[in-house]
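Both ligands and their constituent atoms are indexed starting at 1 by order of listing. For clarity, every value in this text was computed on a predicted model and none was experimentally measured.
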Amino acid sequence: MNKYLLFTPGPVNVAENVRMAICKEDICHREADFDHLLQSIENKLLKIFEIKNSADYRAVVITGSGTAANESILSSVVGNKNILIISNGEFGERLYNISNIHNKNTFLLEFTWGKSFDLGKIEAYLKKHKIDVVAMVHHETSSGMLNPLEKMGALSKENGALFIVDCVSSAGAEVIDMEKCHISFCSSSSSKAICSYSGLSFVVGKKEEFEKLKNLPVKTTYLNLYTFYDFIKNYSQTPNTPAVHLFYALEQALVNILTTGVYNHYVELKDKANFSREGMLNLGLKFLLDEKNMCSVLTTVHIPSHIDVTVFRQKLREKSIIIYEGKGCFKNKVFQVGNIGELSFANIQFFLDSLENVLLSFEDVKIKRTHLIKGNKPMVVLANATRKNALLPAAS
Ligand SMILES: *Cc1c(COP(=O)(O)O)cnc(C)c1O
């Protein structure tokens with residue numbers, strides 16, 4: 001059915017029943033059919049987040065990718081107050097850039113990409129400055145780093161700040177205990193570990209915090225978070241025309257996770273991540289992060305120095321495998337391998353076998369490089385020679 005196996009952090013290969021769901025009947029979003037669909041999705045989202053006091057939380061669904069949910073939160077909850085973004089990667093920077101457009105008092109505390117937050121520095125910053133809202137990314141997808149929710153939630157609470165979190169790539173893969181971590185709002189999307197099509201995102205938040213948004217300045221109309229809350233609360237609908245068929249698909253993807261069991265779903269992803277990682281380590285590859293800091297969605301791998309990443313990706317694509325390139329300072333330094341969506345252990349084994357072949361296909365380049373680096377005479381590669389005999393000193 002699928003031409004490509006998507007070993008990416010999203011979009012993902014969807015389950016067959018999710019693919020079928022998108023072809024369901026046409027309904028009007030101002031009719032009871034849609035109200036029921038949205039209610040059902042909301043209930044399931046709250047279950048995925050394992051919220052114990054479900055009367056205290058609501059979830060709104062936005063037509064738009066994960067960035068729409070992030071922009072909705074950042075444009076709607078800060079008002080004229082001070083927001084601090086804590087960043088250690090591409091997606092933290094994006095939160096900062098979005099917030100900067102909507103909030104003139106946006107501050108940034110930046111850590112090296114691929115390195116853990118310095119909690120001491122964050123605490124000192126919060127003690128010294130009046131910060132009303134703290135925002136961060138849970139799983140920094142650009143490196144694969146899982147940032148500390150519980151500690152950051154406690155620090156925010158201690159310092160009287162609202163805590164908001166981008167959970168776009170962690171929801172559905174890692175435990176996100178909103179109550180324990182004092183999270184007021186978090187965002188996610190349909191197309192990462194939730195395993196549906198791209199195009200929908202959602203915000204889960206505390207009811208009392210949603211209510212407070214009513215009195216804040218309106219900075220956007222389409223993405224105004226209070227409007228979404230108002231519509232779901234009063235009509236069980238969305239403010240504007242939603243992508244109805246994507247809602248059917250999202251509903252089915254959530255049913256799939258809940259049928260497996262949320263915890264079992266996490267364990268399955270972790271097992272797949274471990275299987276993929278063990279295979280890559282056996283091929284002699286090295287990872288950007290310590291495994292203890294990694295999320296179970298993907299693995300970020302150093303590109304061996306003799307390999308051109310564009311050629312490498314192309315060779316894998318010829319075997320129907322799609323992987324990701326590094327962003328920002330990781331460009332041309334790493335590649336990323338996801339393990340979410342409909343990827344079986346057999347698919348991962350196929351990936352590992354293909355990866356081994358592709359890596360071997362670069363061996364000639366590696367041998368040539370090694371000789372050059374050792375300061376030997378320039379080498380020439382003889383066409384059609386076997387690998388062992390391929391390199392001979394050039395005639396001088
Ligand atoms: C993918 C991602 C986003 C952006 O999502 P889009 O669906 O591309 O808009 C935001 N934050 C994180 C952490 C992500 O991984």
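Using a 4.0 Å heavy-atom cutoff, H138 is absent from the residues neighbouring ligand 1.
Of the protein's non-hydrogen atoms, the one nearest atom 3 (C) of ligand 1 is F91 CE2, 3.5 Å. Counting only heavy atoms of the protein, atom 6 (P) of ligand 1 lies nearest to S65 OG, 3.4 Å. The nearest protein atom to atom 2 (C) of ligand 1, hydrogens excluded, is given as K192 NZ, 2.5 Å; this is a heavy-atom distance. The nearest protein atom to atom 11 (N) of ligand 1, hydrogens excluded, is given as D166 OD2, 2.7 Å; this is a heavy-atom distance. Atom 15 (O) of ligand 1 has T141 OG1, 2.5 Å as its closest protein atom, hydrogens excluded (heavy atom only). For atom 7 (O) of ligand 1, the closest heavy atom belonging to the protein is G66 N, 2.9 Å.
Of all the heavy atoms of T67, the ones lying under 4.0 Å from any atom of ligand 1 are found in both the backbone and the side chain.
With ring centers used as reference points, F335 lies under 6.0 Å from F312. Ring-centre distance between Y57 and F49: not below the 6.0 Å cut-off. The ring of Y96 has its center no closer than 6.0 angstrom to the ring center of F107.
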Quiz prompt | Working for ring-ring contact (aromatic ring centres under 6.0 Å, His included), residues Y324 and F7 | solution = CA-CA 8 Å; Y324 241 46; F7 283 86; over 10 Å; no

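The line from CG of D132 to OG of S156 is 11.5 Å long, rounded to the nearest 0.5 Å. In this structure, CD in E342 is found 11.5 Å from CG in L6, a value given to the nearest 0.5 Å.
Between K315 and E318 no salt bridge is recorded (no basic side-chain N to carboxylate O distance below 4.0 Å).
Close contacts between ligand 1 and H139 involve ligand atoms 13 (C) [criterion: under 4.0 Å to a heavy atom]. Each of the following atoms of ligand 1 lies closer than 4.0 Å to a heavy atom of S169: 13 (C), 15 (O). If you number the atoms of ligand 1 from 1 as listed, the ones under 4.0 Å from a heavy atom of V137 come out as 13 (C).
Considering E42, H36, K44 as possible partners of S40, the one that fulfils the side chain to side chain donor-acceptor pair (under 3.5 Å) test is K44.
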